[in-house]
Amino acid sequence: ARPSPLAVLDMFINMPEGEDSDTRPFFNKRNSMMVNILKNMRKEIDTNKQNEDENSLANLSTSFNKLWERVWSKSQLTQEGTKEMARLYSTGGTHWFVNILISKLNS
């Protein structure tokens, strides 16, 4: 399996001292600058991933709310609704699904 981009960045950031040492002038300065650049890249990737996760959960909540209103207004769950519930469950995960379901039942 291919390593994730974050794993590759971590590999370069956490390279042991003395490995791949170079005798060219200013190697240590260039090396430390590159490590700082990689750390910033990793931080940006983590931030973007967190924002995407938050947006996707908000979209899932919106989808769940629409489905809940359709089911509640018809007083029955259709086959299409069941498939949508299963999709929301598998996408959002058990913890998210149970929390939103309980909050709907309590409201």
Side-chain angles (χ1 to χ4, degrees):
R2 252 173 71 175
S4 71
L6 290 177
V8 173
L9 283 174
D10 286 338
M11 184 177 65
F12 283 114
I13 291 171
N14 300 322
M15 190 175 289
E17 290 295 321
E19 189 173 312
D20 291 337
S21 62
D22 197 336
T23 58
R24 289 180 279 187
F26 305 108
F27 172 77
N28 288 332
K29 273 188 172 181
R30 286 190 320 240
N31 187 44
S32 66
M33 285 173 33
M34 185 53 96
V35 167
N36 287 333
I37 290 169
L38 292 174
K39 285 180 181 178
N40 286 334
M41 286 172 61
R42 189 179 197 311
K43 191 185 322 178
E44 286 180 19
I45 289 172
D46 276 344
T47 303
N48 289 341
K49 186 171 177 157
Q50 287 174 352
N51 290 341
E52 288 173 4
D53 290 347
E54 290 170 3
N55 289 340
S56 67
L57 284 180
N59 291 338
L60 284 177
S61 296
T62 302
S63 296
F64 185 88
N65 289 336
K66 289 177 183 175
L67 177 61
W68 183 263
E69 293 304 319
R70 273 198 317 260
V71 169
W72 198 256
S73 68
K74 293 181 180 180
S75 298
Q76 72 181 44
L77 185 61
T78 62
Q79 185 175 4
E80 179 185 304
T82 304
K83 288 179 181 178
E84 179 66 10
M85 283 280 188
R87 183 189 73 79
L88 291 169
Y89 172 78
S90 64
T91 305
T94 306
H95 184 71
W96 172 83
F97 188 79
V98 170
N99 280 340
I100 197 163
L101 194 58
I102 290 173
S103 70
K104 284 296 185 182
L105 289 172
N106 286 334
S107 62

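Pairs of residues two or more places apart, or lying in two chains, that qualify as salt bridge (charged side-chain N to carboxylate O under 4.0 Å, His left out) and include a residue from residues 85-107 are E84-R87.
The closest side-chain heavy-atom distance from W96 to L88 is below 4.5 Å.
With side-chain heavy atoms closer than 4.5 Å counting as contact, directly or through intermediates, the hydrophobic cluster containing V98 also holds I102.
Annotation: side-chain contact (heavy atoms from CB on, under 4.5 Å) contacts of S103 (sequence neighbours excluded): I100. In this structure T62 satisfies the side chain to side chain donor-acceptor pair (under 3.5 Å) test with no other residue, sequence neighbours excluded. With sequence neighbours excluded, no residue satisfies side-chain contact (heavy atoms from CB on, under 4.5 Å) with M33.
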Solution key, residues 68-76 side-chain donor-acceptor pairs under 3.5 Å, sequence neighbours excluded:
{"from": "S73", "atom 1": "OG", "to": "E69", "atom 2": "O", "distance (Å)": "3.2"}
{"from": "S73", "atom 1": "OG", "to": "R70", "atom 2": "O", "distance (Å)": "3.0"}

Stepwise side-chain contact (heavy atoms from CB on, under 4.5 Å) check, L101 with F64: CA-CA 9 Å; L101 194 58; F64 185 88; 3.7 Å; yes
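Environment of OH in Y89: sparse, with no more than 12 heavy atoms of neighbouring residues, nucleotides or ligands closer than 6.0 Å.
Between T78 atom OG1 and L67 atom CG the span is 7.5 Å, to the nearest 0.5 Å. Rounded to the nearest 0.5 Å, atoms CG (L77) and NZ (K83) are 12.0 Å apart.
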